[in-house]
There are 2 protein chains.
Amino acid sequence: MTPVNGPRVDARDDAADDESSYEEAGTGKRRGRRPGREDTRAALLTAARELFSEQGYEGATVRAIATRAGVDPAMVNHWFGGKEGLFAKAVLELPFNPPEVLETILNGGPIDTLGERIVRTFVTRWDESGGGVFTALVRSISAREDAAKALRELIMKYLLGRIASELASDHAELRASLCASQMVGLGMIRYVAAFEPLASADIPTVVALVAPNLQHYLTGELNLERAE
Amino acid sequence: MTPVNGPRVDARDDAADDESSYEEAGTGKRRGRRPGREDTRAALLTAARELFSEQGYEGATVRAIATRAGVDPAMVNHWFGGKEGLFAKAVLELPFNPPEVLETILNGGPIDTLGERIVRTFVTRWDESGGGVFTALVRSISAREDAAKALRELIMKYLLGRIASELASDHAELRASLCASQMVGLGMIRYVAAFEPLASADIPTVVALVAPNLQHYLTGELNLERAE
DNA sequence: GTCGCAATTCAACGGTCGTTGATTTCTGGT
DNA sequence: ACCAGAAATCAACGACCGTTGAATTGCGAC
């Protein structure tokens, strides 16, 4: 069946490399384990987060990620068991750091300035990465089949679950999803579409503009009676 | 250079088909032009819109689109010049039908119910396709490199450009981008993430919930003085 | 009735992707 | 000093992708 079965010709020696002394540390890749203490795993995670953010899940190839990290593509399999595992670790896990963020939001002031704290906290965090954290999530999520579930769980777990339960008012889940729609939309316009003037507005301006509506979703009147 | 140059062996006859009479219309593919009046182009467009919506640009393969349309993959090249052309026609062109939509929104009532008309019109349109129109756009846009530009132009051209100019108030572009953030976020939560209870709420409820905030963005007080 | 042309199918190509197995090199424990 | 094992590179594999060119068939003009 296999067309090539024979001598397994090796084309390795085309480099004509007579580097018997391995002094050169720049690009001369030795063969085996690396000498110093270089964290290949962390380099891969960083490169993966960048490329998933720019290209999405399908667009970011394992080869490109490994090249940016300066290592061999095979290391993705060695450290993460494959592209899926790398994606899960790089994009779906770390970048939220839930306890710290939630403390700031929930215990940072009275409930009638909650919307303000939510907007300020997330825009500040998203801006720190140049929008990369947000776009990585959206771009990658949009290309995988478990997109909806992943996004839903992430928002519920880190963003709104705790907030909704803290509200202790009527229609907590409805208020939470409305709140999510405004925050996700803000991220889409500011980072993914880069729609002006909202994309370049500074953080206090964005807070002043968006927080009132968020606060209305959280504690205001929903006038559901007009609909039902 | 070419490894196989010889007899060009044909494996066509593995089907063992003795269908001398081509009565069967179900799966028996003849070779040349099709007999009836079947619109291959339209079938490809429909299938492409579905698959781009489900899988995004990279995930939806030409072969899969052609299979769903019931034709040969080569027809994508024949009719659209390649995958890019099919994507442009199927996703980036038709589904908005701008004149009709904009007439409904702009000339459908007074300016202080503009937010209501915007929400109702777009949610109605998006719901008609099961969210496919919206998700096709977002999913595909997220995977292409001209993502930001395409989304920006689309929103500006069909959604907000005319609306902003119709406002004739202060900070028209800022109001337009705020408006866009709420509408895009609504689509993300309702269709892409399918976040409950907003995903299953009926149209009047969604309108009643979201329209007030949209109206505030359009004609309300923006309290920019607090920020600058 | 015939013939040019458009529509369609098919097999194949070159390229790229994610992954693997063999091999080589460094590290840490004893 | 040595050795088991982890870390890393490399070449190759099989699969699949988008695209192409040749062959085949029906339609419509004359």
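Labels below follow one simple rule: chain letters A, B, ... track the order of the sequence lines, proteins then strands, and each chain is numbered from 1.
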Given C:dT8, is OP1 or OP2 found less than 4.0 Å from the side-chain N or O atoms of B:T40? yes
Compare the minimum distances between each of C:dA7, C:dT19, D:dT9 and the side chain of B:M75, then state the nucleotide with the smallest one. C:dA7
Expressed as a whole number of angstroms, how long is the span from A:N77:CG to C:dC17:P? 15 Å
Looking only at side-chain atoms of A:A74, point me to the closest of D:dG21, D:dT9, D:dA7. D:dT9
Which atoms form the tightest heavy-atom contact between B:V123 and B:Y191, and what is the distance? O-OH, 3.6 Å
Given B:V71, which partner from the list B:I65, B:T40, B:V76 fulfils the side-chain contact (heavy atoms from CB on, under 4.5 Å) test? B:T40
Candidates C:dA7, C:dG18, D:dA8 - which lies nearest the side chain of A:R63: C:dG18
Any side-chain N or O of A:W79 less than 4.0 Å from the OP1 or OP2 oxygen of D:dA6? no
Working to the nearest 0.5 angstrom, can you tell me the gap between A:T124 OG1 and A:I203 CD1? 3.5 Å
Rounded interatomic separation in angstrom, taking NE2 from A:H78 and P from D:dT9: 11 Å
Quick one: A:L44 CG to C:dG18 P, roughly how many Å, whole number? 13 Å
Would you mind reading off the distance between A:F80 atom CZ and D:dA8 atom P, rounded to a whole angstrom? 11 Å
Protein-nucleotide distance (B:E58, atom CD; C:dG15, atom C1'), rounded to Å: 15 Å
Between P of D:dC17 and OH of B:Y57, the distance in whole Å: 14 Å
Short N-O contact, B:E58 and B:K83, less than 4.0 angstrom: no
Among the candidates C:dT19, D:dT9, C:dA7, find the nucleotide nearest to the side-chain atoms of A:D72. D:dT9
B:K83 NZ to C:dT16 P: how many Å, rounded? 16 Å
In whole Å, I'd like the distance from the CG atom of A:L51 to the P atom of C:dG18. 11 Å
Given C:dC17, C:dT19, C:dA12, identify the nucleotide with an atom nearest to the side chain of A:T61. C:dC17
State the CG-NE2 distance between B:D72 and B:H78, to the nearest 0.5 angstrom. 11.5 Å
